[in-house]
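Please read the structure below before turning to the comments.
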Amino acid sequence: MFVNSADTFVADALRGLVASTDDIAWQPDPGFLSRRDRIPQGQVALLSGGGSGHEPMHAGFIGEGMLTAVCPGLVFTSPNSLQVHEASKAISAGGGVLHIVKNYTGDVMNFRIARDLLREDGIETDFVLVDDDVATERSDGDGPGRRGTAATVVVEKVCGAAAQRGDSLDEVVSLGRRVASNSRSMAVALGPCTLPGSAAPSFDLPEDEIELGIGIHGERGTSRVPTMSARDIVAELAGAVVASLALERGDTVLAFVNGLGGTHPLELHLLFGELAEYLSDKGIAIARTLVGSFVTALDMAGASITLVRVDEEILQLWDAPTSAPGWPNAAQSEFRGVGERGGFGPSFTPSVTSSDTSVFVGKWVSSWVRRVLDEEPALTDLDRKAGDGDFGTNMVAALHRLDLANIREELPAATVFEAVSEAYLGHAGGTSGALFGLWFRQFYRELGETVDLDAIARAARHGLDSITELGGAQVGDKTMVDAIAPAVAALEEATSLVAGLHAAAVAATEGAESTSEMTANRGRASYVGEAARGVTDPGALVMAWYFEAASDAAESVLAQ
């Protein structure tokens with residue numbers, strides 16, 4: 001892989017994207033891409049986004065007739081809520097802002113938080129949730145549901161054309177949801193991808209086997225089978241899609257064969273030929289086609305099949321022109337030169353607003369941050385086994401921006417926790433960015449000049465309530481909640497701070513250890529099911545470390 005540094009990989013790529021296009025501008029802080037030319041007053045603005053590594057989705061689809069702006073996250077990590085909020089405000093033209101969101105937990109959470117903030121600003125917003133991946137479809141309705149994958153491109157194209165012709169926000173939303181509900185996808189990998197800076201692929205796959213039901217974040221599939229012919233692979237993927245959509249003889253579809261980044265066009269067209277024959281045998285008509293690598297997973301060798309039940313209005317919007325550079329037949333753009341090198345905004349150093357200090361909080365938080373940063377490889381390895389491998393790097397994206405020396409110099413407790421919360425909400429992205437940001441926001445709100453047992457217990461309780469309300473996870477779902485909930489109970493039962501934090505640390509550690517034998521029901525680990533059994537949830541582990549750091553700090557500072 002071509003790379004200068006894993007830390008600057010996305011920023012370096014965006015620099016080149018902006019330089020090579022005509023109508024895309026980059027706002028580095030908080031980090032979003034938008035059209036240079038503003039849309040007409042009163043027109044609906046379209047915002048999408050997600051982890052980088054899926055290009056040309058989403059950045060390549062900015063342009064007249066498609067997206068107005070895009071919030072890119074780090075590789076395979078959702079954008080954070082502040083990116084989405086600021087981008088939405090910047091592109092609003094009075095007609096409302098539509099968020100097109102893939103059904104991944106981090107994306108859903110961060111876009112939702114942004115919409116809450118936009119309502120406070122008086123900006124009308126709505127969303128279309130894309131959930132097309134039948135590999136994660138569960139008949140019992142549990143878990144996060146179908147992932148959002150390649151059908152996102154179809155929703156962006158149809159909604160973009162509808163907004164361009166002047167439809168209202170309600171009308172564009174209705175069309176988008178109609179497309180999403182009539183779309184299904186399924187993918188296969190012949191080989192895994194490798195993240196920038198990583199020495200190992202996202203999962204191990206023998207040469208004589210393939211992964212069915214993989215996602216677009218480098219995670220493993222739902223089943224591993226011996227290598228089969230292209231015809232049999234198409235039948236496996238398309239059969240699941242047809243069944244989920246309940247397609248019947250006489251139905252009409254848009255057929256989309258998508259490459260995942262490491263698949264040659266010859267292979268994709270081979271797959272499409274097999275798909276066309278498969279659908280013809282079932283009496284299902286193809287009205288439109290799309291073949292190419294539009295929703296990738298870095299350099300993964302594999303492909304996905306997407307079918308969308310269509311009607312005349314959807315076809316008309318599909319055929320409408322767009323200037324988006326990643327769309328087929330988009331015109332070449334004029335070279336505008338290359339901009340300055342840059343990243344995802346400045347580091348966050350908390351400002352000192354008071355001389356009132358807390359040695360305890362400074363030692364607590366700084367030692368916890370240092371441990372998480374030092375253990376990043378281990379956290380990444382855990383997440384690679386149970387999810388998509390971005391948890392450790394996501395922790396670092398937030399925490400390395402903190403000024404640890406400043407924190408150790410006894411800043412006020414509220415200032416310290418506000419800094420940590422802002423670092424997560426503004427820089428981490430993904431599910432962890434949203435959840436950890438909300439968790440530390442409760443400590444910022446509750447811990448003022450007085451840092452006692454009651455205040456810490458209230459902060460932890462409110463943090464737990466915020467996390468469960470936003471993400472829906474409960475004890476037993478193999479998430480950070482499995483460590484937090486018993487720690488909160490221990491704090492609420494305690495009668496002294498030092499003893500209470502010790503009990504919370506023990507309870508959180510036991511809770512984290514219990515996750516190794518659980519099957520995940522929430523988060524990305526839920527997509528790999530039994531494959532994650534035997535692996536400790538990294539979020540729960542980090543929360544156990546948090547309470548251990550609190551207990552150690554209390555013992556050394558408060559028990560004197």
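- Residues that satisfy the salt bridge (Lys or Arg N to Asp or Glu O under 4.0 Å) test with Asp126, not counting sequence neighbours, are Arg177.
- The nearest pair of heavy atoms linking Glu207 to Thr227 is O-OG1, 3.8 Å.
- Separation of atoms CH2 (Trp327) and OG1 (Thr322) is listed at 8.0 Å; rounding is to 0.5 Å.
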Assess whether salt bridge (Lys or Arg N to Asp or Glu O under 4.0 Å) is satisfied between Glu219 and Arg147, documenting all intermediate values. CA-CA 12 Å; Glu219 62 265 56; Arg147 294 173 290 205; 3.2 Å; yes

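- You'll find the side chain of Leu205 reaches within 4.5 Å of the side chain of Glu211, heavy atoms only.
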Evaluate Arg35 against Asp23 for salt bridge (Lys or Arg N to Asp or Glu O under 4.0 Å), listing each step before the verdict. CA-CA 5 Å; Arg35 293 190 59 190; Asp23 187 27; 2.6 Å; yes

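- Contact record, Leu260 with Ala303: CD1-N, 3.5 Å, taken as the closest heavy-atom pair.
- Of the residues Asn394, Asp383, Thr77, the one that meets the side-chain hydrogen bond (donor to acceptor under 3.5 Å, both in side chains) test with Ser432 is Asn394.
- The backbone N or O of Glu376 lies less than 3.5 Å from a partner atom in the side chain of Thr380, making a donor-acceptor pair.
- Without hydrogens or angle criteria, Lys478 side chain to Val535 main chain gives a donor-acceptor distance under 3.5 Å.
- Taking 4.5 Å as the limit, every side-chain heavy atom of Asn4 sits out of range of all side-chain heavy atoms of Phe9.
- The two residues Gly215 and Tyr104 come nearest to each other via the heavy atoms CA-OH, 4.1 Å.
- Using modelled atom types, one side-chain atom of His264 and one backbone atom of Leu266 make a donor-acceptor pair closer than 3.5 Å.
- Put simply, the side chain of Lys282 does not reach to within 4.5 Å of the side chain of Glu277, judged on heavy atoms.
- Contact annotation: the side chain of Trp318 approaches that of Leu254 to within less than 4.5 Å [non-hydrogen atoms, C-beta and beyond].
- Between the side chain of Arg146 and the backbone N or O of Asp133 there is no donor-acceptor pair closer than 3.5 Å.
- Within the 4.5 Å cutoff, the side chain of Leu298 has heavy atoms near those of the Val75 side chain.
- The backbone N or O of Ala69 lies less than 3.5 Å from no partner atom in the side chain of Ser34, so there is not a single donor-acceptor pair.
- Shown here are the ring-ring contact (aromatic ring centres under 6.0 Å, His included) partners of His99, two or more places apart in sequence or in another chain: Phe111.
- Residues passing the side chain to side chain donor-acceptor pair (under 3.5 Å) test with Glu236: none are found, sequence neighbours excluded.
- Annotation for Phe256 and Gly292: closest pair CE1-O, 4.3 Å, computed over non-hydrogen atoms.
- Residues passing the side chain to side chain contact (heavy atoms under 4.5 Å, CB included) test with Thr296 are Ser293, sequence neighbours excluded.
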Between Ile286 and Phe272, is the side-chain contact (heavy atoms from CB on, under 4.5 Å) condition met? List the steps. CA-CA 11 Å; Ile286 298 175; Phe272 181 79; 4.3 Å; yes

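- Qualifying side chain to side chain donor-acceptor pair (under 3.5 Å) partners for Asp232, counting only residues two or more places apart in sequence or in other chains: Ser229.
- Proximity of Thr393 to Leu74: side-chain heavy atoms (C-beta onward) are nowhere separated by under 4.5 Å.
- Counting only residues at least two apart or on different chains, the side-chain hydrogen bond (donor to acceptor under 3.5 Å, both in side chains) pairs with a member in residues 56-68 are Ser48-His58, His58-Lys102, His58-Glu156, Glu64-Gln164.
- Side chains of Asp319 and Arg288 form a contact here, defined as non-hydrogen atoms less than 4.5 Å apart.
- Ile210 contributes atom CD1, which lies 4.0 Å from atom CD1 of Ile233 (distance to the nearest 0.5 angstrom).
- With contacts defined as side-chain heavy-atom distances shorter than 4.5 Å, the pair Thr152/Val295 does not qualify.
- Relative to the ring axis of Phe203, Arg384 does not place its NZ or CZ within 45° and under 6.0 Å from the centre.
- Side-chain contact check for Asp12 and Thr8: at least one donor-acceptor pair (N or O, by modelled atom type) lies under 3.5 Å.
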Scan the side chains in residues 185-201 for donor-acceptor partners under 3.5 Å anywhere in the protein, sequence neighbours excluded, and list what turns up.
residue, atom, partner, partner atom, Å
Ser185, OG, Asp132, OD2, 2.6
Ser185, OG, Thr306, OG1, 2.6
Ser198, OG, Ala200, N, 3.2
Ser198, OG, Ala200, O, 2.8

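- For the side chain to side chain donor-acceptor pair (under 3.5 Å) test, residues two or more places apart in sequence or in another chain that qualify with Arg178 are Asp311, Glu313.
- In this view, Ala230 and Leu270, Leu271 satisfy the side chain to side chain contact (heavy atoms under 4.5 Å, CB included) rule, not counting sequence neighbours.
- Checked by atom type, the side-chain pair Asp477/Gln474 shows no donor-acceptor distance below 3.5 Å.
- Side chains of Ser78 and Asn110: a donor-acceptor N/O pair is present below 3.5 angstrom, by distance only.
- Between Val310 and Ala287, the shortest heavy-atom distance links the atoms CG2-CB, 4.2 Å.
- Taking OG of Ser81 as the reference point, atom CD1 of Ile113 lies at 4.5 Å (rounded to 0.5 Å).
- Annotation: the span from Leu237 atom CG to Leu275 atom CG amounts to 9.5 Å, rounded to 0.5 Å.
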Steps toward side-chain contact (heavy atoms from CB on, under 4.5 Å) verdict (Val44, Val97): CA-CA 6 Å; Val44 175; Val97 180; over 6 Å; no

Would you sort out whether Val253 and Leu247 count as a side-chain contact (heavy atoms from CB on, under 4.5 Å), showing the intermediate values? CA-CA 9 Å; Val253 299; Leu247 290 172; 3.9 Å; yes

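- Counting only N and O atoms by type, the side chains of Glu171 and Ser174 include no donor and acceptor under 3.5 Å apart.
- For Asn258, the side chain to side chain donor-acceptor pair (under 3.5 Å) test picks out Ser304, with sequence neighbours left out.
- Within the model, atoms CD of Glu312 and CG of Leu317 stand 11.0 Å from one another, a figure rounded to the nearest 0.5 Å.
- Scored by the ring-ring contact (aromatic ring centres under 6.0 Å, His included) test, Phe32 finds no partners at all (sequence neighbours excluded).
- Contact record, Leu470 with Ala434: CD2-CB, 4.4 Å, taken as the closest heavy-atom pair.
- Here the OG1 atom belonging to Thr252 is positioned 11.0 Å from the CG atom belonging to Leu279, to the nearest 0.5 angstrom.
- Screening residues 241-250 for side-chain hydrogen bond (donor to acceptor under 3.5 Å, both in side chains), with sequence neighbours left out, gives Glu137-Ser244, Arg184-Ser244.
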side-chain contact (heavy atoms from CB on, under 4.5 Å) evaluation trace for Leu212 with Arg224: CA-CA 6 Å; Leu212 293 172; Arg224 180 171 292 185; over 6 Å; no

